[in-house]
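Single-structure report; data block below.
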Amino acid sequence: MKIRPITHTSAGAVLSLLLLFVLVAPQLCDAAGPTAVTVNNLPTKKLSLAVGKSTVVESADPIRRVSVAAPEIADTVVLSARQIYVTGKSSGLTTITLWSDANRVSAVFDVEILPDVAALKEKIHQIFPNEKDIKVLGTHESITLSGTVSSAGNLNQIVRLAEAYAPRDKNTSKPHLLNLVDVGGVHQVMLEVRVAEMSRSLLRRLGVNFSYLSESGTNFGISLLNSLTRLPAAGWPGNPLTVGDNINWAFRFTGAGATWTGFIDALKENGLTKVLAEPTLITLSGRSASFLAGGEFPIPVPQATGGATTITIEYKTFGVGLNFTPTVLSNGKISMAVNPEVSDLDFTRAVAVQGFLIPSVNTRRVSTVIELGDGQSFAVAGLLKDDIREDVKKFPVLGDIPVLGALFRSTSFQKNETELIVIVTPHLVKPLDMAKQTLPTDAFIEPDDFEFYLLGALEGRERKSTAKSPAASVPGLKKGSGLEGDFGYIKP
């Protein structure tokens, strides 16, 4: 083998080849591109479980490894080479991936853990067997209730039961529950209230006044009843004045240069006062309604403004008032919070403030919570008030003498008795049909000129025509009379 020495020409060719390789090699590398990455495009499978429930998943390929994206939502246990045990821990979404022996992804599961809706339905059926229209739908985010219930009380209990199964917010721990349930039946409540108050008063009074006038002008008098100071000018025995039970008798003696004048007042009075109110209110279940038949009286309120005192006016109510809140329960029962009140002004105990006379208020107030059926009534009684006032004015020493001391005494006896009774009756009602609704003015016929000017009639007589009068089209209403039969509300 012969070795040739490298000549100048061959060295140039080598350098040319090296330069060509340096220029072409980067382009060849760029043409090849980066290392290829493959993405698993296996179709995912759906898997749904209830919280606390489990299932067994079988794989066609041997299982080498299992991965759970959210272990707090679902848990897995490998049972054998081809079986895994999946358990739902809490509501939510997660992914379970299985690998085979060749480190190849063999299956991917989208797992949805739902609330235990079946257990909730069973509980509702056991506790409320009559509520058959309740529908329950659960997702991993919330529970939805729909359908119809018979009463608001049952609805509140069903909602509280569903909150125990609903998923909870991670931050506030509040249950995610969507309530779309309607309450069936009638939920309008009409309350009839009758308030009766009876007041009896008794007043007895006896007073004696004497005066003495001598010829020399000396005066001497005894006045035991300040309101009886007007005496007759002359005459004896005087003119007796009688007004009802009030007897005023004056007499005068004149002789020996002296004049004796006397005035006797006797009063016996009985008073009777009756207050009766029958308010009627309609409201929805769970809503409050109020009623007041009375008025408002002003009360001056002093206020300091800029160093000066100004008077502002506030108004206080009085009269017959009512405030009630009904709640319709099951089986036609109605639970009510009732607050009736009766008040009136009392000027005998008024207070004067800066020239203003402010009366006091006598109030009877009741607050109670009851449960009744439709049309049943309850009564609140025993609100009694008994006041006795006795007043004796007498002349010192002389007024203490037995028998004769009555001439030197003024006595007054006053007694007031008051009793209040409240009767309440609730009704479940429906709206009226406008086509069948009657009014007190339906029977009114406007008089013509002849009837009004010549006959002096305020209502006209029925005209004979083919058209029916309003009264003829109203059932249960006689012409020229008031309403007859049931009216005011319609029972369900």
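As a basis for the values below, the full set of heavy atoms in this structure was taken, side chains included, without hydrogen atoms, waters or symmetry mates.
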Is the number of heavy atoms from other residues, nucleotides or ligands under 6.0 Å of [X] [atom1] greater than 12?
{"X": "Phe452", "atom1": "CZ", "answer": "no"}
{"X": "Glu446", "atom1": "CD", "answer": "no"}
{"X": "Lys89", "atom1": "NZ", "answer": "yes"}

In Å and rounded to the nearest 0.5 Å, what is the [atom1] to [atom2] distance from [X] to [Y]?
{"X": "Glu141", "Y": "Asp169", "atom1": "CD", "atom2": "CG", "value": "11.5 Å"}
{"X": "Met198", "Y": "Glu417", "atom1": "CE", "atom2": "CD", "value": "12.0 Å"}
{"X": "Ser201", "Y": "Asn270", "atom1": "OG", "atom2": "CG", "value": "7.0 Å"}
{"X": "Thr327", "Y": "Arg287", "atom1": "OG1", "atom2": "CZ", "value": "11.5 Å"}
{"X": "Thr144", "Y": "His176", "atom1": "OG1", "atom2": "NE2", "value": "12.0 Å"}
{"X": "Asp75", "Y": "Tyr85", "atom1": "CG", "atom2": "OH", "value": "10.5 Å"}

Can you give me the closest heavy-atom contact between [X] and [Y], atom names plus distance?
{"X": "His140", "Y": "Pro167", "value": "O-CG, 3.9 Å"}
{"X": "Thr418", "Y": "Ser199", "value": "OG1-OG, 3.6 Å"}
{"X": "Leu372", "Y": "Phe378", "value": "CD1-CD2, 3.6 Å"}
{"X": "Asp346", "Y": "Arg349", "value": "OD2-NE, 3.0 Å"}
{"X": "Phe318", "Y": "Leu292", "value": "O-CD1, 3.8 Å"}
{"X": "Ser173", "Y": "Arg168", "value": "O-NH1, 3.0 Å"}

Is the shortest heavy-atom distance from the side chain of [X] to the side chain of [Y] under 4.5 Å?
{"X": "Gln83", "Y": "Glu58", "result": "yes"}
{"X": "Asp374", "Y": "His427", "result": "yes"}
{"X": "Leu120", "Y": "Leu161", "result": "yes"}
{"X": "Leu98", "Y": "Ile84", "result": "yes"}
{"X": "Ile334", "Y": "Leu428", "result": "yes"}
{"X": "Tyr165", "Y": "Val51", "result": "no"}
{"X": "Ile388", "Y": "Lys415", "result": "yes"}
{"X": "Ser106", "Y": "Ser59", "result": "yes"}

Does the side chain of Ser343 pick up a donor-acceptor pair with the side chain of Thr363 at under 3.5 Å?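 No, no side-chain donor-acceptor contact under 3.5 Å.
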Exercise: do Asn339 and Ser367 side chains pair donor with acceptor under 3.5 Å: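 A donor-acceptor contact under 3.5 Å links the two side chains.
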Please report the C-alpha distance between Leu345 and Val361 in whole Å, then the side-chain angles of each, then the deciding distance to 0.1 Å, and finally whether the side-chain contact (heavy atoms from CB on, under 4.5 Å) criterion is met. CA-CA 5 Å; Leu345 302 181; Val361 180; 4.1 Å; yes
Show the numbers, then the answer: is there a side-chain contact (heavy atoms from CB on, under 4.5 Å) between Ser360 and Val351? CA-CA 8 Å; Ser360 62; Val351 178; over 6 Å; no
Taking [X] for the side chain and [Y] for the main chain, is one N or O donor matched with an acceptor at less than 3.5 Å?
{"X": "Thr312", "Y": "Val301", "answer": "yes"}
{"X": "Glu131", "Y": "Ile124", "answer": "no"}
{"X": "Thr139", "Y": "Ser142", "answer": "yes"}
{"X": "Gln126", "Y": "Lys123", "answer": "no"}
{"X": "Thr55", "Y": "Leu49", "answer": "no"}
{"X": "Thr280", "Y": "Glu192", "answer": "no"}
{"X": "Ser285", "Y": "Val328", "answer": "yes"}

Salt bridge check, Arg194 against Glu278: does any charged N sit closer than 4.0 Å to a carboxylate O?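 Yes, Glu278 and Arg194 are salt-bridged.
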Evaluate the side-chain contact (heavy atoms from CB on, under 4.5 Å) criterion for residues Leu93 and Ile73: first the C-alpha distance (whole Å), next the side-chain angles of each, then the deciding distance (0.1 Å), finally the verdict. CA-CA 7 Å; Leu93 294 174; Ile73 296 177; 5.7 Å; no
Verify side-chain contact (heavy atoms from CB on, under 4.5 Å) between Ile134 and Val149, making sure each step is shown before the conclusion. CA-CA 7 Å; Ile134 295 294; Val149 295; 3.1 Å; yes
